[in-house]
Amino acid sequence: MEEAKRIRQLPPYLFARIEKTIEKAKAEGVDVISLGIGDPDRPTPDHIIDKLCEQAHNPANHRYPSSAGMISYREAVAYYYKNRFDVELDPKTEVVTLIGSKEGIAHISLCYLDPGDVALIPDPGYPVYGIGALLAGAEPYNMPLKRENGFLPALDEIPPDIAKKAKLMFVNYPNNPTGAIANDDFYKKLIEFAKEYNIIVCHDAAYQDIAFDGYRPPSFLEYPGAREVGIEFGSLSKSYNMTGWRIGWAAGNARVIEALGRIKSNIDSGAFQAVQYAGIAALMGPQDCTYKMSDVYRERRDIVVDGLNSMGWNMEKPKATIYVWVPVPKGYNSISFAESVFKKTGVVITPGNGYGIYGEGYFRIALTVEKERILEAVNRIKDKAGPLEF
Ligand SMILES: *Cc1c(COP(=O)(O)O)cnc(C)c1O
């Protein structure tokens with residue numbers, strides 16, 4: 001049973017080995033603290049769960065949904081954009097429901113990439129961008145996200161012959177894994193670049209409501225010209241602790257939204273309507289839950305960054321996301337440091353090279369465990385992981 005080239009070319013899953021090590025340690029009785037996985041630990045707010053329960057009883061919702069999503073859900077997305085960003089969207093043509101944004105991020109490559117085409121991919125980055133391009137037979141071109149550039153891609157360093165061949169570009173701010181944010185100037189240059197080279201921008205906004213210290217992340221669609229060149233992927237997963245529910249959206253350029261909807265109508269049959277109703281409750285309901293969750297993450301972030309800085313790191317606090325992106329100490333690479341920390345402390349951190357070659361030299365901490373455990377993890381690293389040099 002010979003597998004197709006497209007799946008044989010998928011990179012090996014780097015985290016499989018780490019997971020095995022964790023299982024083994026747990027079986028041996030080690031008290032493992034995992035700061036590895038970016039999956040919110042708190043429950044979905046009650047008013048959202050209540051709406052699901054109510055709508056799950058309605059037989060009308062037991063039938064096939066439409067693959068583009070209920071118009072009322074798409075209207076709720078438009079309401080959210082108006083309310084949150086003062087952006088007007090036509091829910092009929094400029095919004096499509098997704099079964100989690102990952103689904104749309106993977107499928108958009110099938111809409112626009114043929115073999116030989118290029119997709120511009122942030123490195124380090126969420127692995128789905130590059131994998132989607134590979135599955136479409138296209139060539140991912142990695143744009144390095146470097147600390148000295150604020151973890152923004154240097155658009156003027158992309159070779160023009162590559163930019164000419166590129167049809168899609170993935171951008172993600174607030175950023176996983178670096179925690180970086182993008183400013184107005186970056187978005188304006190991005191739109192100019194996309195216009196110049198005729199590239200579709202796919203902005204992944206999974207963390208647009210998880211932010212700290214008064215910072216409010218903008219939407220890509222707020223910027224003049226954005227809708228002419230691209231779309232934004234949105235997710236309820238991180239904002240409302242709904243990773244398991246599988247619900248999100250894409251919004252923006254009507255032609256791109258139509259193409260994505262066309263692919264989807266041939267592959268899936270849409271998101272469970274009761275989940276879409278729950279999504280409406282999330283997007284149109286009180287937003288204080290997102291502020292409260294941001295505050296929970298802020299407290300955890302402070303414990304991590306203050307703790308690391310007390311050991312000799314010199315880190316700034318990220319303004320958004322559920323991650324802290326940290327350079328490894330002298331004498332280590334990403335893997336050797338993650339392994340050493342795990343062996344000495346039972347604390348799991350994610351080696352940065354799992355997110356791309358430019359992630360080498362870093363590790364990622366996910367702020368998705370309670371603060372007592374985060375503090376315990378930081379203290380163990382302080383007591384046992386050393387001596388560390390910077
Ligand atoms: C978590 C995450 C997503 C969201 O995925 P869903 O499929 O909506 O759960 C998308 N992009 C990034 C960068 C993420 O970290």
Side-chain angles (χ1 to χ4, degrees), residues 3-15 96 98-145 151-155 157-173 175-178 190-191 193-206 220 229-235 248-253 255-264 266-268 352-360:
E3 292 171 351
K5 285 195 200 84
R6 89 177 57 82
I7 96 158
R8 276 185 282 146
Q9 66 176 348
L10 293 181
Y13 188 51
L14 185 104
F15 302 116
V96 63
L98 298 175
I99 309 172
S101 63
K102 182 181 188 177
E103 177 257 299
I105 291 168
H107 282 144
I108 194 70
S109 286
L110 292 183
C111 298
Y112 288 101
L113 300 177
D114 284 317
D117 289 339
V118 168
L120 303 174
I121 310 289
D123 178 348
Y126 186 55
V128 186
Y129 314 132
I131 301 281
L134 279 178
L135 290 177
E139 289 167 35
Y141 177 86
N142 291 344
M143 304 179 288
L145 305 188
F151 298 109
L152 298 167
L155 301 176
E157 285 173 19
I158 299 168
D161 58 316
I162 296 286
K164 279 180 201 148
K165 280 203 277 177
K167 292 183 73 183
L168 289 183
M169 173 173 183
F170 290 91
V171 181
N172 161 226
Y173 295 97
N175 183 259
N176 174 12
T178 67
L190 174 65
I191 291 164
F193 181 84
K195 280 190 177 154
E196 181 179 350
Y197 290 104
N198 198 17
I199 295 171
I200 297 168
V201 174
C202 297
H203 187 255
D204 179 353
F220 167 64
V229 298
I231 59 171
E232 181 156 83
F233 288 100
S235 173
W249 69 80
N253 186 279
R255 282 178 63 189
V256 178
I257 294 297
E258 190 278 325
L260 184 54
R262 200 159 7 121
I263 277 273
K264 284 175 56 56
N266 286 286
I267 292 179
D268 65 61
N353 60 330
Y355 302 94
I357 51 175
Y358 290 92
E360 178 53 72

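Side chains included, hydrogens not; waters and symmetry mates left out as well; all remaining heavy atoms used. Please read these numbers as outputs of a predicted model, since none were measured by experiment.
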*Identify the heavy atoms of V201 and A194 that sit nearest to each other, and give their distance.*
CG2-CB, 3.6 Å
*Where is the tightest heavy-atom contact between I263 and C111, given as atom of each residue plus distance?*
CG1-SG, 3.4 Å
_L155 vs M169 side-chain heavy atoms within contact, under 4.5 Å_ = yes
_Reported CD-to-CD distance for the pair Q9 and E3, which is rounded to 0.5 angstrom_ = 12.0 Å
*State which residues pass side-chain hydrogen bond (donor to acceptor under 3.5 Å, both in side chains) with R6; sequence neighbours excluded, sorted by chain then number.*
none
*Only counting residues at least two apart or in another chain, list the ones meeting side-chain contact (heavy atoms from CB on, under 4.5 Å) with P115.*
none
*Any chance you could measure Y173, atom OH, to F151, atom CZ, to the nearest 0.5 Å?*
9.5 Å
*How long is the span from the CG atom in L113 to the CG atom in L110, to the nearest 0.5 Å?*
8.5 Å
*asked:* So does A205 get a backbone contact from the side chain of E232, meaning a donor-acceptor N/O pair under 3.5 Å?
replied: no
_Residue pair P144 / N142: nearest heavy atoms and the distance that separates them_ = CD-O, 3.4 Å
_Atom CG of residue position D268 - does it have more than 12 heavy atoms of other residues, nucleotides or ligands inside 6.0 Å?_
yes
_Partners passing side-chain contact (heavy atoms from CB on, under 4.5 Å) against K165 (at least two apart in sequence or in another chain)_ = V118
_Taking every non-hydrogen atom, the tightest pair across G104 and L260_ = O-CD1, 4.0 Å
*Would you check if L135 and L10 make a side-chain contact, meaning some heavy-atom pair closer than 4.5 Å?*
yes
*Can you measure from OH (Y126) to CG (N175) and round to the nearest 0.5 angstrom?*
13.0 Å
*With I357, which residues qualify under side-chain contact (heavy atoms from CB on, under 4.5 Å), at least two apart?*
D123
*Y141: ring pair (Phe, Tyr, Trp, His ring centres under 6.0 Å) partners, not counting sequence neighbours*: none
*Heavy atoms, side chains only, cut-off 4.5 Å: are D117 and L168 in contact?*
no
*Are C202 and V171 close enough that some pair of their side-chain heavy atoms sits under 4.5 Å apart?*
no
_Heavy-atom side-chain proximity of F170 to I108 below 4.5 angstrom_ = yes
_Closest non-hydrogen atom pair, V96 against G261_ = CG2-CA, 4.3 Å
_Residues forming a side-chain hydrogen bond (donor to acceptor under 3.5 Å, both in side chains) with E360, sequence neighbours excluded_ = S334
_Pair listing, side-chain hydrogen bond (donor to acceptor under 3.5 Å, both in side chains) test, anchored in residues 99-116, at least two apart_ = E103-H107, E103-K264
*Identify the heavy atoms of L145 and P122 that sit nearest to each other, and give their distance.*
CD1-CB, 3.9 Å
*So do the side chains of Y197 and L120 get within less than 4.5 Å of each other, counting heavy atoms only?*
no
*Given side chains that start at C-beta, do those of T178 and Y355 come closer than 4.5 Å, heavy atoms only?*
no
*Contacts of type side-chain hydrogen bond (donor to acceptor under 3.5 Å, both in side chains), residue E258, not counting sequence neighbours*: R262
*Which residues pass the side-chain contact (heavy atoms from CB on, under 4.5 Å) test with K195, sequence neighbours left out?*
I191, E228, V229
*asked:* Enumerate the side-chain hydrogen bond (donor to acceptor under 3.5 Å, both in side chains) contacts for residues 127-136, please, sequence neighbours excluded, ordered by first and then second residue.
replied: Y129-D204
